[in-house]
Amino acid sequence: MTMTEINEEKRLAAERSLDYVRDGMCLGLGSGSTAAIMLELLGQRVRSGLRVRGVPTSETSRQLAELAGIPMVSLDEVFRLDLTIDGADEVDPQFNLLKGGGGALLREKIVASLSRRVVIIVDSQKQVPHLGAFPLPVEVVPFAWQPLAQRLGDLGATPILRPSREGPPFVTDERNYILDCAFGRIDDPAALAARLDAMPGVVDHGLFVGLADTVIVGRGQTTQVMERK
Ligand code: 5RP
């Protein structure tokens, strides 16, 4: 597939996700290139009179939402969200997600967990039979990143400290580091998530289990909408 075709699939999925938005809703605003398209389209609707408020899941999304004219609130003001729309790096048939390619996984997971409905928007290349071809991002406290890299290695991964454009390390919005962990095929995402959740110093990771309610896949000139049973 060409980049133009992939971008068209992202646009179609982003556009379709706005069918779930209702006047007066409080929205979780995802991060990444697909979510960026959604923010632009949402901004157009806000300029036409739609009244919504959003909680951005990254500083980049905050800037994009501001540019698009979407009113924003913080989690100090709203404790529950009606709907979150976000992208993903991989989606499996059970709606398990691998996220964090953009490094925003921590705020993304918090916002998703506070949402009544989570809609995931992806191009067709993100749909996979099993998670794990994409290295799993694990957010860790800088204090212990080296021993944690070793512990993650003991779990079967090959952790790499994510570099920034200026050189290593990339620092997340919450001032942590990311270890990109190539595990290969992840047969049991919930079991791996539980092991990572139990590791002191691991702040969070890109496995989103049981969080997605709806997956919208852009496919060619159309979209496929799937609801969790
Ligand atoms: C950022 C994410 C993104 O949702 C994920 O990386 C997908 O991004 P894109 O839409 O650019 O492919 O999890 O942390």
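Below, all heavy atoms of this structure are taken into account, side chains as well, without hydrogens, waters or symmetry copies. All ligand and atom numbering here is 1-based and tracks the order in the structure.
The ligand atoms of ligand 1 that sit less than 4.0 angstrom from a heavy atom of G102 are 1 (C), 6 (O), 14 (O). Atoms of ligand 1 lying under 4.0 Å from any heavy atom of G87, numbered from 1 in the order shown and given with element: 4 (O). Below 4.0 Å from some heavy atom of D86 lie the following atoms of ligand 1, by number and element: 4 (O). The atoms of ligand 1 that sit less than 4.0 Å from any heavy atom of G100 are 2 (C), 13 (O), 14 (O). Every atom of ligand 1 is numbered from 1 in the order shown, and the set under 4.0 Å from a heavy atom of K99 is 2 (C), 3 (C), 4 (O), 13 (O). Each of the atoms 14 (O) of ligand 1 lies under 4.0 Å from some heavy atom of G103. Residue-ligand proximity, G32 to ligand 1, at heavy-atom distances under 4.0 Å covers atoms 8 (O), 11 (O).
Checked options R228, E227, R16; the residue passing with T214 is E227 (criterion: side-chain hydrogen bond (donor to acceptor under 3.5 Å, both in side chains)). With D204 as the partner, the side-chain contact (heavy atoms from CB on, under 4.5 Å) test is satisfied by one option alone out of K109, E174, E108: K109.
Defined by atom type and a distance below 3.5 Å, a donor-acceptor pair is missing between the side-chain atoms of Q63 and T60.
Among protein heavy atoms, atom 10 (O) of ligand 1 sits closest to T34 OG1, 2.6 Å. Residue, atom and distance of the protein heavy atom nearest to atom 2 (C) of ligand 1 are E108 OE2, 3.3 Å. Among all non-hydrogen protein atoms, the one lying nearest atom 12 (O) of ligand 1 is K126 NZ, 2.7 Å. Among all protein heavy atoms, the one lying closest to atom 9 (P) of ligand 1 is S33 OG, 3.3 Å. For atom 5 (C) of ligand 1, the closest heavy atom belonging to the protein is D89 OD1, 3.2 Å. For atom 3 (C) of ligand 1, the nearest protein heavy atom (residue, atom name, distance) is S31 O, 3.3 Å.
In terms of polar-atom proximity, A104 is counted as a contact of ligand 1, with an N or O under 3.5 Å from an N or O of the ligand. Polar contact check, A35 against ligand 1: no nitrogen or oxygen pair lies under 3.5 Å apart.
Contacts between V122 and ligand 1, counted as non-hydrogen atom pairs separated by less than 4.0 Å, are absent for every part of the residue. Residue-level proximity to ligand 1 for P137 is absent, since no heavy atom of it falls below 4.0 angstrom.
Between I85 and L27, every side-chain heavy-atom pair lies at or beyond the 4.5 Å cut-off. Y20 has its side chain within reach of V225: a pair of non-hydrogen atoms, C-beta onward, lies under 4.5 Å apart.
No donor-acceptor pair under 3.5 Å is formed between the side chain of D92 and the backbone N or O of H130.
Here D123 pairs with K126 in a salt bridge; the nearest charged N to carboxylate O distance falls below 4.0 Å. With respect to R62 and E66, no salt bridge is recorded, no charged nitrogen being found less than 4.0 Å from a carboxylate O. A salt bridge links D86 to K99: one of the charged nitrogens lies within less than 4.0 Å of a carboxylate oxygen. With respect to the salt-bridge test (charged N to carboxylate O, under 4.0 angstrom), the residues R107 and E59 qualify.
When the side chains of ILVMFWY residues are joined at heavy-atom separations under 4.5 Å, either directly or via intervening members, L64 and I121 end up in a single hydrophobic cluster.
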